[in-house]
Novice: 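Before I ask anything, here is the structure I am working with.
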Amino acid sequence: MTELHVVAEEGTGMLARRAAAFSVAPRIWHLEGRALQPARAEPLPPEPDPPELTAPLRAVLEAARSEGAEVVAEHGVISVEVLGLEVARVEAGPDGPELSIGVGRHDREARRTVHGGLPGDARDPVGDLRGVVSQVQARRRGGGPSHPANQLAPERWLRALLVRRPELVGAGSLVAVSPPVARPNLRSRAVAPAVGTDGGGDRMAVVCSTGVDPELVPAAVDVRVGAGPCRLVLVVPERDDHPVTRRLVGMLSDPAEIRTVPTDWRELHSPSPS
């Protein structure tokens with residue numbers, strides 16, 4: 001087999017770490033100016049701590065949970081999601097952390113303008129958030145007309161479904177965790193991982209993706225690095241179960257598996273968390 005060499009100026013530490021997980025690992029080289037050196041694998045960077053929440057802010061987040069939304073902490077950012085779609089996030093304010101409501105940065109900024117520079121309706125933040133959650137819930141459904149609310153972040157929607165129905169992939173319980181690399185915005189593709197236990201009680205990491213993502217297997221490798229020794233399961237819709245993905249999984253030194261969900265997975269019943 002021909003040896004594969006990869007030369008890059010940036011991110012070579014990450015590439016070397018991921019390459020080490022394959023039985024036939026490509027050689028990663030770091031290019032700096034005209035100097036070419038073997039890249040050294042870097043450990044996963046530590047995840048920043050989320051902000052300390054005030055009692056009123058915790059109450060607003062708990063109200064969101066009671067409406068069926070998820071509260072997710074990733075890479076030091078706390079956000080409120082409806083089936084994986086962010087509808088609000090905790091941001092730094094002049095007097096400490098505050099909840100900024102809106103689907104994505106532009107929506108948050110628009111709502112802040114409407115409310116006179118405040119992050120939301122300061123008179124009724126719970127009611128303001130509930131209204132947005134309800135609007136997104138009405139549209140983020142399978143089988144309905146195409147809308148940004150049911151098109152954005154499908155891999156996170158799939159993860160939200162599996163957290164609520166882990167038995168779909170042979171898990172006993174799952175909790176959402178951060179992807180290896182933070183998403184820069186709502187439209188950027190990124191795997192959506194979760195960790196938990198399988199039906200036998202053994203530790204398990206599940207990595208969700210949709211479409212055919214060439215970064216799925218390398219990113220899943222990093223998810224397992226962060227989770228520690230565990231069973232690794234990659235989950236994709238049936239129509240996205242591509243032979244290239246299976247070949248890459250077959251090249252891993254530590255075995256992993258692929259599980260599929262029906263192509264119409266968006267229409268599966270997804271009960272609100274209790």
Side-chain angles (χ1 to χ4, degrees), residues 8 10-18 20-21 39-62 64-65 69-109 111-112 119-120 125 129 152-153 155-157 159-160 163 174-196 203-209 213 215-216 218-230 232:
E10 298 180 351
T12 53
M14 178 190 71
L15 292 174
R17 179 182 66 245
R18 293 179 172 184
R40 295 182 178 181
E42 296 177 351
L44 278 173
E47 187 164 343
D49 292 327
E52 188 70 27
L53 300 179
T54 62
L57 193 49
R58 288 197 298 271
V60 175
L61 295 179
E62 190 55 41
R65 285 194 184 97
E70 308 101 29
V71 177
V72 179
E74 291 186 358
H75 295 285
V77 176
I78 298 176
S79 61
V80 178
E81 297 183 351
V82 175
L83 292 176
L85 180 61
E86 180 184 293
V87 297
R89 69 164 50 190
V90 176
E91 298 181 325
D95 300 315
E98 59 188 22
L99 191 68
S100 185
I101 300 172
V103 180
R105 177 173 61 86
H106 297 296
D107 190 23
R108 292 195 299 271
E109 291 176 351
R111 294 174 65 85
R112 185 179 285 109
L129 182 56
L152 292 169
E155 68 284 345
R156 298 175 71 86
W157 185 350
R159 178 180 66 178
V163 167
L174 292 171
V175 176
V177 296
S178 300
V181 178
R183 293 184 307 158
N185 54 63
L186 287 183
R187 297 183 181 276
S188 295
R189 169 179 282 186
V191 300
V195 298
R203 188 160 175 78
M204 178 180 187
V206 169
V207 183
C208 299
S209 181
D213 184 0
E215 290 294 314
L216 170 56
V221 164
D222 268 353
V223 172
R224 178 154 56 186
V225 169
C230 63
L232 178 61

Novice: Let me have the donor-acceptor pairs involving side chains of residues 45-52, under 3.5 Å, with sequence neighbours excluded, atom names and distances please.
Specialist:
residue : atom : partner : partner atom : Å
Glu47   : OE1  : Ser178  : OG           : 3.2
Glu47   : OE2  : His75   : N            : 2.7
Glu47   : OE2  : Ser178  : OG           : 2.5

Novice: Could you go step by step and tell me if Leu99 and Leu129 meet the side-chain contact (heavy atoms from CB on, under 4.5 Å) rule?
Specialist: CA-CA 9 Å; Leu99 191 68; Leu129 182 56; 3.7 Å; yes
Novice: I want to check something: taking the side chain as every heavy atom from C-beta on, are Val223 and Val206 in contact at a cut-off of under 4.5 Å?
Specialist: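 The answer is no; the side chains never approach within 4.5 Å.
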Novice: Please report the closest heavy-atom contact between Val163 and Ala194, naming both atoms and the distance.
Specialist: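 For Val163 and Ala194, the tightest heavy-atom pair comes out as CG2-CB, 4.5 Å.
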Novice: Counting C-beta onward and ignoring hydrogens, is there a side-chain heavy-atom pair between Met14 and Asp222 closer than 4.5 Å?
Specialist: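 A side-chain contact exists here, since the closest heavy-atom pair is under 4.5 Å.
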Novice: Who passes side chain to side chain contact (heavy atoms under 4.5 Å, CB included) against Thr12, sequence neighbours left out?
Specialist: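 Testing Thr12 for side chain to side chain contact (heavy atoms under 4.5 Å, CB included), a comparison that skips the adjacent residues, returns Ala8, Ile28, His30, Ala39.
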Novice: Under a 4.5 Å cut-off applied to non-hydrogen side-chain atoms, are Pro43 and Arg17 in contact?
Specialist: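 Sidechains of Arg17 and Pro43: no contact.
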Novice: Would you give the length of the straight line joining atom CG of Leu152 to atom CG of Leu186, rounded to the nearest 0.5 angstrom?
Specialist: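 Leu152 CG to Leu186 CG: 6.0 Å, rounded to 0.5 Å.
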Novice: Just to verify, what does Arg58 make a salt bridge (Lys or Arg N to Asp or Glu O under 4.0 Å) with, not counting sequence neighbours?
Specialist: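 With sequence neighbours excluded, Arg58 shows a salt bridge (Lys or Arg N to Asp or Glu O under 4.0 Å) to no residue whatsoever.
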Novice: Are any of the side-chain heavy atoms of Cys230 and Arg224 separated by less than 4.5 Å?
Specialist: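 Yes; the side chains approach each other to less than 4.5 Å.
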Novice: Indicate yes or no: at least one non-hydrogen side-chain atom of Val195 is less than 4.5 angstrom from one of Met204.
Specialist: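 Sidechains of Met204 and Val195: no contact.
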Novice: Is it true that a side-chain atom of Arg159 and a backbone atom of Val177 form a donor plus acceptor pair closer than 3.5 Å?
Specialist: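 Yes, because the side chain of Arg159 sits within donor-acceptor range (under 3.5 Å) of the backbone of Val177.
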Novice: How far apart are the closest heavy atoms of Val71 and Leu61, and which atoms are they?
Specialist: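 Looks like CG2-O, 3.9 Å.
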Novice: Tell me, do Arg189 and Asp213 make a side-chain contact under 4.5 Å, heavy atoms counted?
Specialist: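 Counting from C-beta outward, Arg189 and Asp213 do come under 4.5 Å.
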Novice: I need the Ile78 CD1 to Leu53 CG distance, nearest 0.5 Å.
Specialist: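 The distance works out to 4.0 Å.
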Novice: Only pairs at least two apart or in different chains count here, so list each salt bridge (Lys or Arg N to Asp or Glu O under 4.0 Å) that has a residue in residues 77-93.
Specialist: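 Salt bridge (Lys or Arg N to Asp or Glu O under 4.0 Å) check on residues 77-93 returns Glu81-Arg156, Glu86-Arg89, Glu86-Arg108, Glu91-Arg108, Glu91-Arg112.
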Novice: Which heavy-atom pair separates Ala16 from Arg40 by the least distance, and what is that distance?
Specialist: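 Scanning both residues completely, I find the closest heavy atoms to be CB-C, 3.9 Å.
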Novice: How close do Ala153 and Gly84 get, counting heavy atoms only, and between which atoms?
Specialist: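 Scanning both residues, the minimum pair turns out to be CB-O, 3.9 Å.
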Novice: Would you name the heavy atoms of Val207 and Ala220 that are closest together and state the gap between them?
Specialist: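 Closest approach of Val207 to Ala220, heavy atoms only: CG2-CB, 3.9 Å.
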Novice: By salt bridge (Lys or Arg N to Asp or Glu O under 4.0 Å), which residues pair with Asp107, not counting sequence neighbours?
Specialist: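 Testing Asp107 for salt bridge (Lys or Arg N to Asp or Glu O under 4.0 Å), a comparison that skips the adjacent residues, returns none.
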Novice: For a quick test of reading the model, state the closest non-hydrogen atom pair linking Leu57 to Pro97 and the distance between them.
Specialist: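 Nearest heavy atoms, Leu57 then Pro97: CD2-O, 3.9 Å.
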Novice: So, using side chain to side chain donor-acceptor pair (under 3.5 Å) as the criterion, who are the partners of Arg183 when residues are at least two apart?
Specialist: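 Arg183 satisfies side chain to side chain donor-acceptor pair (under 3.5 Å) with no other residue.
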